[in-house]
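Chain naming here is simple, since letters A, B, ... match the order of the sequence lines and numbering starts at 1 in each. All figures in this text were calculated on a predicted structure; none of them were measured in a lab.
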Amino acid sequence: MTKPAAAVEFRSVTKRYGPVTAVNAVSFVIDPGTLVTLLGPSGCGKTTTLRLIAGLELASEGQILIGQRDVTKLSAADRDVSMVFQSYALFPHMTVAENVAYGPSVSGTPKAEAQAMAAEKLALVGLSGLEKRLPSELSGGQQQRVAVARALVLEPQVLLFDEPLSNLDAKLRRRVRDDIRELQQKLNLTVAYVTHDQEEALAVSDRIIVMSNAAIAQTGRPRDLYEAPNSVFVADFIGDANLLAAELLTRQGDLGRIRLGGLEITLPHRNVSTGAIRLAVRPESVLLDQRSPPGAIEGRITKAAYLGTHMEYTVASPVGDLFSIDHRTGAPYAVGTTVWITLAAHGAVVVPNA
Amino acid sequence: MTRSAALWLVLGGIGYAILPWYLVEGLSPLSAKWWASYPFGNAGSGLFLGWSGDRWWLGPTFLPLLVGAALLVRGGRRPEDGRWLTWIGAAGLVWMVIAGFAIDHRNWTIDLFAEWFGPEKQAGMGYGAFATALAFLMVLAHGLAARGFCRSDAFVVSAIALVLGLVLLFVFFPIAQILVSAVEDNNGHFAPGIFFVKFFDRSVWGLDCVYSNLRCGVAWNTLFLAVVVGVGTTVLGLAFALIALRTRFQAKGVLRALTILPIITPPFVIGLALILLFGRSGAVTGLLFEWFDVPRTRWIYGFTGVFIAQMLAFTPIAFLVLIGVVQGISPSLEEASQTLRASRWTTFRTVSLPLMRPGLANAFLLGFVESMADFGNPLVLGGNYEVLSTKIFFAVVGAAHDQSRAAVLSIVLLTFTLGAFYAQYRWLGNRSYTTVTGKGDSGLPVPMPKRMAWLCYGTAIPWAMFTAVIYVVILVGGFVKTMGRDYTPTLQHYITGFGIEQTSRGLYFAGSAWDSLWTTIKVAAVAAPLTAIVGLLTAYLLARQRFVGKRSFEFITMLSFAIPGTVVGVSYILAFNVPPIEITGTGLILVICFIFRNMPVGVRAGIATMSQIDRSLDEASLTLGARSFTTVRRVILPLLRPAVVASLVYAFVRAMTAVSAIIFLVSAQYNMATAYIVGRVEAGEFGLAIAYSSVLIVVMLLAILVIQLLVGERRLGRRTAAAPVLQAAGG
């Protein structure tokens with residue numbers, strides 16, 4: 001990349017369609033050269049946010065900056081941003097080479113030069129030799145790479161991905177995901193990436209912006225979001241979580257004594273005041289045992305499923321139904337078995353704003 | 001300011017300061033007389049005419065242009081440009097409209113002003129005025145775009161402004177003129193009383209035929225005919241559709257051909273063929289007389305004849321609508337019914353038929369509107385059975401030249417067709433029982449119950465054979481002396497019409513039909529691409545852009561479909577015979593008339609095709625730095641080829657076969673084939689008329705081939721159906 005990567009900044013951006021607010025006063029910064037994921041359930045405004053960056057939608061209010069420049073009123077054609085579409089949006093009447101050379105050729109680059117630029121990017125994504133094919137003659141994964149090459153050809157300041165993996169099968173998804181991450185790091189690109197798949201987001205992102213109901217629910221590194229969700233929504237959306245009613249007994253420094261059923265545990269209290277609280281417990285932290293350790297909660301297996309690498313249990317207990325993952329698949333508990341429940345040292349967290 | 005906005009401002013300046021403002025009649029720009037007093041006089045420019053005091057009302061137009069010049073000189077892009085451009089465009093347009101309509105070729109249109117300012121007159125808009133008006137409109141559009149309309153996309157705002165401006169000018173304004181002229185007497189004075197007298201006249205709404213031997217009002221005649229034809233074409237069309245899709249009928253290709261032919265047949269030709277068969281001296285009449293002594297009568301002239309002719313002409317339309325409807329019924333619904341132990345007949349009655357109901361209503365409304373709008377057949381075959389369209393014609397061209405009566409009758413007719421159109425739009429627009437989904441439906445259509453099949457065969461096959469006979473008559477009629485009397489083969493009719501003589505100065509097109517044929521082909525060839533452009537541009541705006549008032553925009557662009565040709569003809573005469581737009585008698589008015597009458601099909605075809613093209617293709621192009629115009633040219637248009645072909649063919653064919661509107665608009669210099677043929681029919685020269693009609697049909701077939709060759713197929717690769725681009729846009 002000859003151009004340095006640029007930052008993207010949203011300053012209280014709102015997008016309304018008539019009475020519907022699709023994006024509500026959203027502010028964030030995407031640092032240069034980082035990959036940031038917009039994550040959320042469908043209809044949360046993440047795709048609209050991406051399209052606002054691209055200029056395919058214009059903000060109703062607020063300011064959008066790309067590389068310090070105010071682009072709020074600029075149309076898509078005037079922004080130095082490229083996008084890889086969910087459907088790839090390859091022009092079906094053009095060959096692979098024509099597709100990739102489209103960007104330079106519409107901006108007036110001489111044909112030979114445009115061809116050379118296209119060839120270079122096709123080589124980068126490993127598709128040399130397929131220039132003469134039509135998109136319909138390529139496999140899904142190849143089409144996806146053409147779309148990436150086409151988006152890269154103008155060496156944009158910012159590259160956008162709109163659910164790029166949703167049309168690929170599960171095996172291919174993991175490989176393409178790694179390829180995108182590798183390319184981003186190699187070329188030091190600023191990338192905004194939309195997905196509704198939290199695992200995908202955890203795997204590729206430098207930072208994740210979780211969106212819900214047209215607003216940002218939480219922003220942070222993947223680890224922050226998983227280990228310290230700041231709301232029930234985020235705790236539930238990133239990974240699986242058992243959301244349990246508990247009680248914060250006392251606070252001491254950063255830590256607090258928490259009672260969950262018969263268990264008493266010590267966790268960071270995260271500035272939650274004493275009294276009734278919500279506790280998010282990851283399923284792999286719900287430990288099951290047939291012997292009874294001190295203070296353990298008694299439960300009964302109501303569902304058991306074998307998934308190859310692990311067992312999934314649903315356990316009925318006084319603190320509610322618990323979802324548990326157990327990697328010991330050798331001698332699984334049968335449905336109806338009475339088990340004793342304790343929590344692992346990590347994987348339980350106090351949820352603020354509950 | 002963007003470069004294109006600057007260019008439009010410059011064009012406005014040229015139009016105002018340099019080009020001749022008014023239409024200069026009868027002189028060519030090459031003649032010295034034309035330029036004699038330039039830049040003053042007849043061919044003077046707006047600037048000089050306005051500021052010399054000669055046409056002082058042109059002066060103020062300078063003001064917005066001056067502001068524009070100031071903006072140009074200052075240069076650069078500033079945020080307030082948008083507001084200035086909007087102001088320039090709006091002010092210029094408003095003033096031009098006021099100044100244009102305030103004074104006509106005689107005097108001020110408002111008497112009071114004539115007293116104040118003294119008598120003034122002006123001619124119609126010429127190149128200068130047109131260029132200036134267009135420039136103001138485009139500057140206004142660029143101003144609005146700069147203020148953030150339509151995602152700041154100047155191309156889109158300009159396109160909306162252009163289409164809207166054209167539709168208002170050439171569809172709305174003429175119709176408004178009809179409304180105005182209906183409440184005026186024939187001298188142009190306001191007289192609302194006359195409207196009521198003429199509107200409630202017995203000849204319009206009389207019900208004498210119910211209780212006496214007298215004739216009923218023309219409105220009832222028209223309505224009755226339209227309802228009967230609507231029902232008839234729907235029933236026949238359904239029979240054809242069921243045979244084509246739900247039986248193992250062998251000759252389906254023939255069926256298809258018989259349904260395509262009437263589309264490229266000028267509407268009155270079928271009436272003509274009926275006369276040649278069943279007229280007093282028709283072929284069948286003759287045979288019946290000779291063999292069975294059935295007396296020769298004129299039974300074909302009147303309701304029966306018009307009804308048969310319209311049935312023949314409009315059944316294919318119903319068929320084309322209903323074939324889509326029958327195809328749209330998911331076979332698995334019928335299979336579901338059968339697995340619930342319903343018999344085939346019960347399934348048809350309780351599942352298939354109810355699912356077709358909206359389609360049937362649609363077909364009925366189309367037949368209804370077509371019958372109302374038909375002019376050729378009632379003219380040729382009507383006899384004493386008068387309908388609105390012919391009555392309007394005779395009110396304008398007949399002995400009792402009565403424009404306000406024509407206007408009143410037009411309003412009656414317009415009310416009927418708009419009512420039907422509105423019913424269709426409101427009631428059927430959002431209601432479709434079409435059950436085709438993206439998921440594959442592996443069910444097999446249930447064959448029709450026997451009874452139903454025989455009913456279909458019984459109605460459709462005789463009808464198809466009848467249609468075939470009609471076309472044999474059209475084909476043969478031109479090659480025999482007189483159909484019905486003298487079957488001696490002859491080329492006489494073709495020689496009269498299309499004779500070419502070898503003279504000393506080369507070939508001489510001696511035939512009497514050449515002039516009108518060349519005019520027709522020229523006008524159709526000019527109109528077809530323009531129609532396709534306007535239609536597809538409108539389709540692009542409707543399918544791809546979001547803007548305020550889109551629903552209304554769609555409604556008014558489709559409206560011209562519901563306005564009968566006769567009404568269009570009358571309205572164009574009323575609107576464009578006087579300044580500011582004075583184009584009657586030119587070829588231009590024919591072209592314009594065709595563009596706006598045939599545009600809706602381009603719009604429909606364009607929307608249908610575009611809705612199959614993934615929207616993210618446009619967006620991908622935009623994010624790659626292409627502007628909307630480039631995107632349209634390089635991405636959308638190549639994928640739109642089927643729609644381009646459809647709208648070109650339709651526009652061309654309709655321009656060649658139309659009668660109702662253009663019969664008012666043709667002139668000695670610009671005569672059209674259909675008007676010429678109608679003239680021959682009225683003069684009793686059936687041979688020449690039918691020969692000319694067959695030539696037209698052949699020309700249209702050739703044109704369709706040429707269009708298909710020129711536009712070509714779209715290239716999507718081998719696995720077209722599986723191409724991901726044809727998927728609907730994802731979230």
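Considering all non-hydrogen atoms of both residues, B:Ala626 and A:Ala77 come closest at O-CB, 3.5 Å. In this structure, A:Met94 and B:Arg634 approach most closely via the heavy-atom pair CE-O, 3.6 Å.
For B:Phe149, the CZ atom counts as loosely surrounded, since its 6.0 Å shell holds 12 or fewer non-hydrogen atoms of other residues, nucleotides or ligands. Within a 6.0 Å sphere centred on CZ of B:Arg74, other residues, nucleotides and ligands contribute more than 12 heavy atoms. Heavy atoms of other residues, nucleotides or ligands lying less than 6.0 angstrom from CZ of A:Arg69 number 12 at most. Around the CD atom of B:Glu80, the shell of radius 6.0 Å holds more than 12 heavy atoms that belong to other residues, nucleotides or ligands.
Of the atoms belonging to A:Ser105, heavy atoms from both backbone and side chain fall under 4.5 Å from chain B. Residue contact with chain A, scored on non-hydrogen atoms closer than 4.5 Å, involves the backbone and the side chain of B:Ser621 alike. Within the 4.5 angstrom heavy-atom criterion, atoms from both the backbone and the side chain of A:Leu56 approach chain B. Within the 4.5 angstrom heavy-atom criterion, atoms from both the backbone and the side chain of A:Arg150 approach chain B.
For the atom pair OG (A:Ser87) and CG (B:Leu617), the distance works out to 6.5 Å, reported to the nearest 0.5 Å. Between the CG atom of B:Asp618 and the CZ atom of A:Phe91 there is a distance of 8.5 Å, given to the nearest 0.5 Å. Rounding to the nearest 0.5 Å places NE2 of A:His93 at 9.0 Å from CD1 of B:Ile613. Here the OG1-OH distance, from B:Thr630 to A:Tyr102, works out to 6.5 Å after rounding to the nearest 0.5 Å.
Under the side-chain hydrogen bond (donor to acceptor under 3.5 Å, both in side chains) criterion, A:Asp70 pairs with A:Gln63, A:Thr72, not counting sequence neighbours. Remark: B:Thr531 pairs with no residue by the side-chain hydrogen bond (donor to acceptor under 3.5 Å, both in side chains) rule, at least two apart or across chains. For the side-chain hydrogen bond (donor to acceptor under 3.5 Å, both in side chains) test, residues two or more places apart in sequence or in another chain that qualify with B:Arg546 are A:Glu57.
With a 4.5 Å cut-off on side-chain heavy atoms, B:Leu622 and A:Ser75 do not count as touching.
At a heavy-atom cut-off of under 4.5 Å, chain A is reached by no residue from residues 153-160 of chain B.
Your options are A:Asp80, A:Thr48, A:Leu58, and the one with the most heavy-atom pairs under 4.5 Å with chain B is A:Leu58.
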Give the C-alpha distance, both sets of side-chain angles, the deciding distance and a yes or no for side-chain contact (heavy atoms from CB on, under 4.5 Å) between B:Thr623 and A:Phe85. CA-CA 11 Å; B:Thr623 58; A:Phe85 290 82; 4.2 Å; yes

Between A:Asp78 and B:Arg627, does a side-chain contact (heavy atoms from CB on, under 4.5 Å) hold up when you go through it step by step? CA-CA 9 Å; A:Asp78 295 317; B:Arg627 297 185 180 282; 2.4 Å; yes

